[in-house]
Structures are given as C-alpha cells and as structure tokens.
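Let me begin by presenting the structure, written as structure tokens, before commenting on it.
Positions are given from 1, in the same order as the sequence printed here.
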Amino acid sequence: MWVKILVGILGLCLGVMAWADDTKILAFEQFIAPEAGQSYSAKASAIAPNAQMWSVVYMVLQTNQVPDDTVLDFKVVPQGILFKNNPAKKIEEYGFEGIRLAQKKEFSFSQYADFAALIQDQTGKKIQDASVFDVSRAHVYARVEDWVPEYNSPSAQLSIELGQMHEMDVKALYILFGEGEKPKDLAAIAQLDPLVKSQFQSEATQDRHRVRSEMREAKFAIFLVMIGVGIFLGWYRFKR
C-alpha cells in the first residue's frame with residue numbers, strides 16, 4: 001500500500017519537473033530608466049524552425065501629473081519572427097493615454113516570484129526593480145505575444161522603440177523571449193495590457209476576486225485532506 005503511494009508521489013514530482021523543463025527562457029533583457037526616442041532589444045539565437053515562441057514586454061511608468069494628460073507612445077519591431085495572429089504585419093505601433101494604463105501600487109516585475117525565479121535559474125540574471133518616488137503615480141504596461149519563427153531565420157529579435165513621452169517617464173523596461181509551456185504568472189501579466197477588457201477592473205475588485213479564489217482553493221484543500229483521512233481510516237479499520 002505505502003509502496004504504491006510513494007510511487008504515485010514520485011510520478012507526480014517527475015511530472016512537475018518535466019513540465020518545468022518544457023519552459024525555456026531564450027532571452028531576457030532589462031533596462032532601468034530607458035530614454036525616450038531610443039530602441040531597446042532582446043535577442044535569441046539558434047531558434048528551431050518549429051519553436052513555439054512567446055514574448056513578454058513589461059514597462060513600469062510614472063506620470064508627472066494627472067493620468068488624463070499623459071501619453072505613452074512606442075513601437076514593437078520584430079526581426080526573424082512573425083506575429084502568430086497576423087504574420088503579414090511587420091511592425092506594431094501603440095499609443096495609450098495614461099488613464100488607460102493599469103495603476104498599480106505593486107508595480108515591480110519581480111513580484112511574480114515563480115517567474116522571476118525561473119528567469120534567474122535559466123539566464124543567471126536577477127530582476128532589477130524600478131525606482132518610483134511616488135507609488136500613487138506608478139503605472140504598468142504589459143503584453144504577452146505569440147510568435148512563429150520566420151523561414152530560415154537563425155535568430156529572433158524583439159525591439160521596443162520608445163516614442164516621445166508626454167508627462168510620463170518609463171522607469172523600467174523588461175523584454176523576454178520564451179519557448180514552450182507558458183508560466184502560470186503570464187496569465188496575470190497579460191491582464192495588464194490595456195487592450196484586455198478585464199484590465200479595467202479596479203485593484204479593489206481584483207483583490208476581492210483574488211480572496212475569493214484563495215478561499216475556494218483553501219476549501220478544496222481541506223476537502224482533499226478530509227478524503228485522505230477518510231481513506232486512511234478506512235484502510236486502518238480494514239487492516240484490523
């Protein structure tokens with residue numbers, strides 16, 4: 001009986017390890033206090049023709065006045081890769097008013113602890129946090145994008161060209177290439193994209209949802225424990 005349990009636990013552990021190995025960080029670059037009008041890139045080499053690639057762009061910004069009068073303007077320029085949803089597109093231009101960007105008191109990229117640990121384990125780079133003098137003016141922009149390698153391309157590069165900012169400063173810019181299984185933290189990061197409708201929820205609403213989710217998980221864990229205890233007691237009585 002106990003041998004079967006141990007074998008099951010070992011199989012579960014091996015499955016988790018195999019899942020982790022399916023996620024690869026191909027490139028990670030971080031830029032603290034990048035300048036407007038400049039281009040910043042991350043490059044991945046030796047890309048397989050059938051690679052399932054994805055990228056993360058994460059910006060920490062600070063507005064200099066009320067968000068209504070601030071503007072973030074930038075371009076996304078890929079090389080050696082194609083937008084999975086629109087391969088014919090060569091460049092993507094974005095312009096957002098500050099009021100459309102997520103206002104976050106917890107703005108650091110390193111808050112996604114599991115993802116940050118994965119990045120450090122595979123690249124040797126520790127995430128540097130941005131410095132914001134007034135957290136009430138902190139905003140975050142993020143986007144998760146899927147890519148397909150361009151035919152016969154030996155490498156892939158993603159560049160972010162920052163336009164001229166209006167009453168807004170980029171305090172930190174993070175660009176990352178990944179391959180394979182997406183880490184679970186990417187679901188939360190993707191919600192910070194202004195083009196995602198659910199991003200417009202207030203932090204209070206998001207906090208309530210998070211608490212409810214944690215309560216459901218706790219109840220489910222208790223339920224599993226009770227089942228385990230019941231199985232054990234039944235097995236113990238049977239043995240007697």
Test item: [X] side-chain N/O and [Y] main-chain N/O as donor-acceptor pair under 3.5 Å:
| X | Y | value |
| --- | --- | --- |
| Gln79 | Ser159 | no |
| Asp73 | Gly163 | no |
| Gln103 | Ser136 | yes |
| Asp169 | Lys171 | no |
| Gln128 | Gln30 | no |
| Gln62 | Phe133 | yes |
| Thr123 | Ile119 | yes |

Minimum side-chain heavy-atom gap [X]-[Y] below 4.5 Å:
| X | Y | result |
| --- | --- | --- |
| Val132 | Leu61 | no |
| Val148 | Lys84 | yes |
| Gln191 | Val144 | no |
| Phe177 | Ile47 | no |
| Phe28 | Val56 | no |
| Gln38 | Leu173 | no |
| Val170 | Phe31 | no |
| Ile160 | Tyr174 | no |

**OP:** Only counting residues at least two apart or in another chain, list the ones meeting side chain to side chain donor-acceptor pair (under 3.5 Å) with Tyr40.
**Re:** none

Subject >> Asp129: partners by side chain to side chain donor-acceptor pair (under 3.5 Å), with sequence neighbours left out >> reply: Ser110

When clusters are formed by joining ILVMFWY residues with side-chain heavy atoms under 4.5 Å apart, either directly or through shared neighbours, do [X] and [Y] land in the same one?
| X | Y | answer |
| --- | --- | --- |
| Leu158 | Leu82 | no |
| Ile91 | Phe96 | no |
| Val77 | Ile81 | no |
| Ile32 | Phe107 | yes |

Interatomic distance, [X] atom [atom1] to [Y] atom [atom2] [nearest 0.5 angstrom]:
| X | Y | atom1 | atom2 | answer |
| --- | --- | --- | --- | --- |
| Asp22 | Glu181 | CG | CD | 6.5 Å |
| Ser55 | Ile175 | OG | CD1 | 9.0 Å |
| Tyr112 | Glu106 | OH | CD | 9.0 Å |
| Glu161 | Glu93 | CD | CD | 9.0 Å |
| Lys184 | Asp114 | NZ | CG | 4.5 Å |
| Asp193 | Arg100 | CG | CZ | 9.0 Å |

Original post:
Charged N to carboxylate O under 4.0 angstrom, Asp146 versus Lys182?
Top reply: yes

Original post:
Would you call Lys43-Glu29 a salt bridge at under 4.0 Å N-O?
Top reply: no

Grab the two heavy atoms, one from [X] and one from [Y], that are nearest each other, plus how far apart they are.
| X | Y | answer |
| --- | --- | --- |
| Trp54 | Gln52 | CD1-O, 3.9 Å |
| Ala42 | Ala27 | CB-CB, 4.5 Å |
| Ala113 | Asp185 | N-OD2, 4.3 Å |
| Ala48 | Pro149 | O-CG, 3.4 Å |
| Leu176 | Gly178 | CD2-N, 4.0 Å |
| Met165 | Met168 | CB-O, 2.9 Å |

Original post:
In this structure, are over 12 heavy atoms from other groups packed under 6.0 Å from Lys125 atom NZ?
Top reply: yes

**OP:** Have a look at Glu167 and tell me which of Thr63, Val71, Asn64 forms a side chain to side chain contact (heavy atoms under 4.5 Å, CB included) with it.
**Re:** Asn64

Original post:
Of Leu192, Val60, Leu101, which meets side chain to side chain contact (heavy atoms under 4.5 Å, CB included) against His139?
Top reply: Leu101

Original post:
Using a distance-only test with no angle check, is there a side-chain donor-acceptor pair under 3.5 angstrom linking Gln157 and Ser155?
Top reply: no

**OP:** For side chain to side chain contact (heavy atoms under 4.5 Å, CB included), just list the numbers for Val76 and Glu145, CA-CA rounded to whole Å, side-chain angles, deciding distance to a tenth of an Å, and then say yes or no.
**Re:** CA-CA 11 Å; Val76 177; Glu145 190 81 53; over 6 Å; no

**OP:** If a pair satisfies ring pair (Phe, Tyr, Trp, His ring centres under 6.0 Å) and one of its residues is in residues 147-170, list it, with sequence neighbours excluded.
**Re:** Phe83-Trp147

Original post:
Hey, what's the ring geometry for Tyr94 with Tyr141, parallel, tilted or perpendicular (30° and 60° as the breaks)?
Top reply: tilted

